[in-house]
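Worksheet: the structure to be examined is printed underneath.
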Amino acid sequence: MAAHGPIEDGDAKLRKTLSAQQLLFISIGSIIGSGWLFAVLAAGSVAGPSVIISWVLAAVLVTFMALNYAETGAMLPRSGGIARYPYLTHGGYLGFVLSWSMLLGGITTVSTEALAVVQYAAGYVASWTGIQLTTVGESSASLTTAGRFCAVLLMVFFFAVNVFGIRFFGRFNHWIGWWKLILPILTFILLFFAFHGSNFSAFGGFTPRGSGAIFNAIAVSGIVFAFQGFREGVNFGGESRKPQRDILVATVGSVAICAVIFVLLQVAFIGALDWPDMGLHPGDWAGLKGGHWADQPLYSALNASGIALLGAFGAFLLVDAAISPAGTGWVYMGDTARTLYGMAVHGSVPRVFARISDRFRVPALGLIACLVGGCVFFLPFPGWYMLIGFTSSTAVVTYLAAAPQLQVMRRTAPDAERPFLLRGATVFSPLGFLAASMILYWSGYAVLQGVVATVLLALPIYAWYQGPRSGRIGRTSGRVIGGVFLLVWIATQVIGPLGTQSLPFWGFWLLCAAGLVLYTLAMRRACTETGRRELRSGAWVVALLMVLYLLSRFGAYGELAHPPIPFPYDSLVAAALGLAAYYWAVHSGYATQELEDMLEKPATRRVRAHD
């Protein structure tokens, strides 16, 4: 596949205008979005006061992943890099599956931020106009038809901001970033004036929902979602003036700064809970998402305090409830357009998505696709709490590649220039992989059902498009194999847990596994030698998803009242499976032709990749 020419041409047209501070604020602006506005309530509903530990653990886990990306991003700074690096170390099959997952995660993140703005606005819009933008049910809030319409208008606004180009985008986001930093800090300071220490001990103790809930909260309540903005330092790294320095500052620095803010916000929010004002029985942690504070958690906490200063500050918070998610929304729309750009460069989607607008210097068609795709997700997921688990976990699937690709590049290109060398990578790489795989497992059975279903949908698309386009398989063979697998995929979804539930879980899982085995065997028989190598190199990610999905059914995060593998033994099994997959992934990587082409130019400064 002759993709290396367009790689150089397209990346050269993207402006190298972002400073270290701007890149840092792009990451901070992505992290401080809707997560801090809603996750404090959603996470509290999962784990109670012990959710404070969840935030700390999440920051550590994300830092492990970010460190692996820092070396790769500084070595090969490319716009949309996170979606592109797996192609270089494991070939087109894994690259397509992971970039597909990241595409889904990116598009739904933009949708999530639009949902957040509308839900926070619902209260005052209803009081001013009488128009209801949301309805609050027993378990969570969701948008009405009018609310969906407003969310679509916000998506159009995100699109317009991106079209102005990266120079304006970086400078504007820099100033918005300061605003987004200051408001959360002032919020937790003021909430401490309404602090009730009894909320940490009186209603079921510090861990009212068990120790396992601490880990579950990381994955499903918006905590890991909040931290995912670290990746923008990598994805926009190709547009930085000094990527060798700036990428590390943006990835690790943004996580460290925001972790302190989030932990203090969570402590302040738990302390400010007013059970009667929420319409809940004291200690009903699971009912938080269905209480009166569901649409506006932090604003409601300020208002319920009865302190005039806090109530007045609530007006600023409502303004920020539009600015913070909107700022993150337009960042992620630009990020997702760059994911499509990276996929197009490698032939995974039509090449037209790799075109950079001569006037605005942005991947314009990718922005349009993100706009349309994001609006579609408002139909099945019309609320922030409904979408957050899915969007977090689909993106985390992509992060599985961070550590293996670093180790593969060290093995296959040990003398390549590495402006930043991760010391202790023999420890940090497996920890980074385990961070991603454990977050996936902790997301639980219900979330993994949707994640596995949507990720597997990438396989027939690969057989139809990516494989034939890259010369890995004949077009007719690809269409037949892809078509048969798609029919199997549809049938299993219809009769499986997400459909009629006609089959018990064991039958459904075995049917899915059999379909995957037959798909792989057919592809291996029909593919070229290069295609077979790529299939072998990428098989680990599908295998890991399937075994984690199986374990989740019978572990502490499934739906069984008495799981056969209770916590913490289920997490220990998941960790062992993750380590096995890590070493499989590292062993299966190789020096692809694209990686060799990218590194063929002599480096001006070389750092040998040894710990």
Side-chain angles (χ1 to χ4, degrees), residues 14-36 55 58-82 106 109 113 161-162 165-186 224-265 320 323-336 338 395 399 402 419-420 422:
L14 291 165
R15 293 177 176 175
K16 317 291 183 179
T17 59
L18 295 176
S19 67
Q21 193 177 49
Q22 287 175 330
L23 199 63
L24 174 64
F25 271 92
I26 284 177
S27 291
I28 290 175
S30 300
I31 292 175
I32 304 179
S34 62
W36 80 278
W55 284 101
V60 173
L61 295 175
V62 171
T63 298
F64 288 151
M65 293 188 287
L67 285 170
N68 285 276
Y69 275 123
E71 178 174 312
T72 309
M75 176 184 171
L76 292 171
R78 292 292 185 272
S79 189
I82 288 180
T109 295
E113 301 303 335
V161 171
N162 274 277
I166 193 64
R167 182 185 296 273
F168 167 79
F169 172 56
R171 291 178 178 175
F172 187 59
N173 198 73
H174 168 72
W175 294 109
I176 292 296
W178 279 111
W179 168 275
K180 294 173 72 173
L181 267 177
I182 293 169
L183 260 291
I185 292 171
L186 290 177
V224 74
F225 168 81
F227 282 116
Q228 284 185 151
F230 83 89
R231 74 192 195 192
E232 306 313 325
V234 179
N235 279 338
F236 285 88
E239 292 150 75
S240 170
R241 295 170 190 164
K242 295 181 180 180
Q244 297 83 358
R245 175 201 64 191
D246 299 349
I247 289 174
L248 176 64
V249 171
T251 53
V252 179
S254 60
V255 173
I257 292 169
C258 295
V260 175
I261 296 172
F262 289 153
V263 169
L264 291 173
L265 266 171
D320 185 69
I323 291 177
S324 284
T328 301
W330 70 60
V331 168
Y332 270 96
M333 181 170 280
D335 166 69
T336 306
R338 284 156 178 80
Y399 304 154
F420 169 73
L422 178 61

- Contacts of Y69 that satisfy side chain to side chain donor-acceptor pair (under 3.5 Å) - sequence neighbours left out: none
- Task: Find the distance between CE (M65) and CD1 (I82) and round it off to the nearest 0.5 Å.
- Result: 9.5 Å
- L183: what forms a side chain to side chain contact (heavy atoms under 4.5 Å, CB included) with it, not counting sequence neighbours? W179, F313, F316, D320
- Grab the two heavy atoms, one from G33 and one from E113, that are nearest each other, plus how far apart they are. C-OE1, 3.8 Å
- Note on the structure: In short, F230 meets A66 closest at the heavy-atom pair CD1-CB, 3.7 Å
- Note on the structure: In short, F420 meets E71 closest at the heavy-atom pair O-CG, 3.2 Å
- After noting the C-alpha distance and the side-chain angles of F225 and T109, does the key distance pass the side-chain contact (heavy atoms from CB on, under 4.5 Å) rule? CA-CA 8 Å; F225 168 81; T109 295; 3.7 Å; yes
- Measure across N162 and M333 and return the closest heavy-atom pair with its distance rounded to 0.1 Å. ND2-CB, 3.8 Å
- Query: Side chains of I257 and L181: does their closest heavy-atom pair fall under 4.5 Å?
  - Reply: yes
- On the 0 to 90° scale, with breaks at 30° and 60°, tag the F262-W55 ring pair as parallel, tilted or perpendicular. tilted
- Message: If I take atom CD from residue Q228 and atom OH from residue Y332, how far apart are they, to the nearest 0.5 angstrom?
- Response: 5.5 Å
- Item | Straight-line distance of I32 CD1 to I323 CD1, nearest 0.5 Å | 13.0 Å
- Task: Grab the two heavy atoms, one from S254 and one from I28, that are nearest each other, plus how far apart they are.
- Result: CB-CG1, 3.9 Å
- Task: Looking only at non-hydrogen atoms, find the nearest pair between G253 and L24 and report the distance.
- Result: C-CD1, 4.1 Å
- Query: Do V224 and L61 come close enough that some side-chain heavy atom pair is under 4.5 Å?
  - Reply: no
- Task: For the residue pair T251 and S27, establish whether any side-chain heavy-atom pair is separated by less than 4.5 Å.
- Result: no
